[in-house]
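Here the structure is laid out as structure tokens; the discussion comes afterwards.
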Protein chains: 2
Amino acid sequence: MRSENESDGQKRRSFIEEARRAQIVASAVEVIAEIGFAQASLARIAQHAGISKGVISYHFAGKDELMVEVVERTYGLIAETVGARMQGLSSATELLRAYLLGVAEHMRGHRTQLAALGEIFIHLRGADGRPRYGIKANEEIYRALEGIYALGQESGEFWHFDRRVMAVTQASAVDNMFAYWVAYPEHDLDAHARELADIFERACRS
Amino acid sequence: MRSENESDGQKRRSFIEEARRAQIVASAVEVIAEIGFAQASLARIAQHAGISKGVISYHFAGKDELMVEVVERTYGLIAETVGARMQGLSSATELLRAYLLGVAEHMRGHRTQLAALGEIFIHLRGADGRPRYGIKANEEIYRALEGIYALGQESGEFWHFDRRVMAVTQASAVDNMFAYWVAYPEHDLDAHARELADIFERACRS
DNA sequence: TCATTTTCTGACCGCATGGCCAAAATTATA
DNA sequence: TATAATTTTGGCCATGCGGTCAGAAAATGA
């Protein structure tokens, strides 16, 4: 039986346990990105990893736990990278531009992760059948963007637009930029991000 | 066997055949909107319509054909309504505002259709396993928006932004406005649309 | 070395799905 | 009414899914 020792809510795992989990997560990312969430069965993921299907069930409580771990590992890396890039900036305009360019540059080097993340966000459902990562999962991003907008509106950089609408709009613009890039790999992602920064600078400034 | 007479690529159907198809499509819309595409099996749709499962197979070649018909009927109505509302307008700014407000007003009265359409767009896959309505299905909308932008840029209303990026951005803003409204029914859709019109007017104008 | 624990395998289970079809029921036609 | 065409029924099928399990294999430790 896999060890389930807990401390501070964190599972304590052996190195080979951790390695297996990482390997399975990586295989899941690649399979999902290639054939889509709906077709990415545990059997396919195991086959891609060169292991038996039961290994996944042994290391993960179920498919949902595996998917959640894919999201957490991938998403955590994005937040870390982009957050670091925004450190030290003060003006709202600078922050928004750094966010847009930073996330685009990071994802440019992580295409399969991006595609898999999108698939999981769209398809994964909870036990109740409702989406696990629906629109409401964006609330954290909306709040962060609204904070930047409030900063800009107070400093006079921005006009007094509806911050919620602007946040929903900008977040969707980023999401769709990536979706467009996934569909059209030859599309210039960085140029798109720069153009977006210009567009939203005009949309926001007083 | 169902009559398959073709003329001009259109199937000629009896009234009761047409009525059954319409009934099944309506049931599909309601079931998909309520429990999501993945859970909306033919059995569930038939049960909701109060008919046997085989009836659907009799009137439609398969689940895919049913889903495509749902999209075509719903989408056609939207295009008709909004298109009529844009008739006679000439300036690019007016056209964009009429589009935004028009589509919002129409969808406000067709919530279940909107939810079902979104589910199908996201989930439906072709025989090859690739999405049937992916990003590339937006090409028609992108082209239409780009045409309006070109108009505005020629007349001097708009600055010379990248039309493709703006089209992708605006289309995603509309899609996400609806998705947000579906998730938060108390959200003021018309106010959101007006705000969006203001935002993109600022983003586009010289 | 040998006993114990951890990890892996491959077969198996119950379940839901889309599709199929023979026969029954209904409707249209002569 | 009698015959033919259309429509509906309800059960059946093969498929693929996530998950489970006994036993084999490998790693660990005394």
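Since we're looking at a predicted model, the values are computed, not measured. Each chain gets a letter, A, B and so on, in the order the sequences are listed, and its residues count up from 1.
To the nearest angstrom, P of D:dC17 lies 16 Å from CD of B:Gln39. Put simply, CD1 on A:Ile45 is 14 Å from C1' on D:dG19, counting in whole angstrom units. If you measure from atom OH of A:Tyr58 to atom P of D:dC21, you get 15 Å, rounded to the nearest angstrom. Note: CD1 (A:Ile56) to P (D:dT20) measures 14 Å, nearest angstrom. Taking atom NE2 of A:His123 as the reference point, atom P of D:dC17 lies 15 Å away to the nearest angstrom. A:Phe37 places its CZ atom 12 Å from the C1' atom of D:dC17, with the value rounded to the nearest Å. Separating the CD1 atom of B:Ile24 from the C1' atom of D:dT7 is a distance of 11 Å, rounded to the nearest angstrom. Atom pair B:Gln47:CD and D:dT8:P shows a separation of 18 Å (rounding to whole Å applied).
The residue from B:Met177, B:Arg194, B:His192 that alone fulfils the side-chain contact (heavy atoms from CB on, under 4.5 Å) condition with A:Val165 is B:His192.
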Worksheet item: Taking protein heavy atoms under 4.0 Å as touching, what does nucleotides 18-29 of chain C look like 5' to 3' if B marks base contact, S marks sugar-phosphate-only contact and - marks none?
Response: BB----------
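Sparse packing is recorded around OH of A:Tyr75, with 12 or fewer heavy atoms of other residues, nucleotides or ligands lying under 6.0 Å away.
For B:Arg44 and C:dA16, the shortest distance from a side-chain N or O to OP1 or OP2 is not below 4.0 Å.
Residues B:Glu94 and B:Tyr99 bring no donor and acceptor atom of their side chains to less than 3.5 Å of each other. Remark: the B:Gln23 side chain and the B:Arg20 side chain contain an N/O donor-acceptor pair separated by less than 3.5 Å.
You'll find the side chain of A:Phe200 stays beyond 4.5 Å of the side chain of A:Arg202, heavy atoms only.
Ring-plane geometry between A:Phe161 and A:Phe158 is classed as tilted, the angle between the planes lying from 30 to 60 degrees on a 0 to 90 degree scale.
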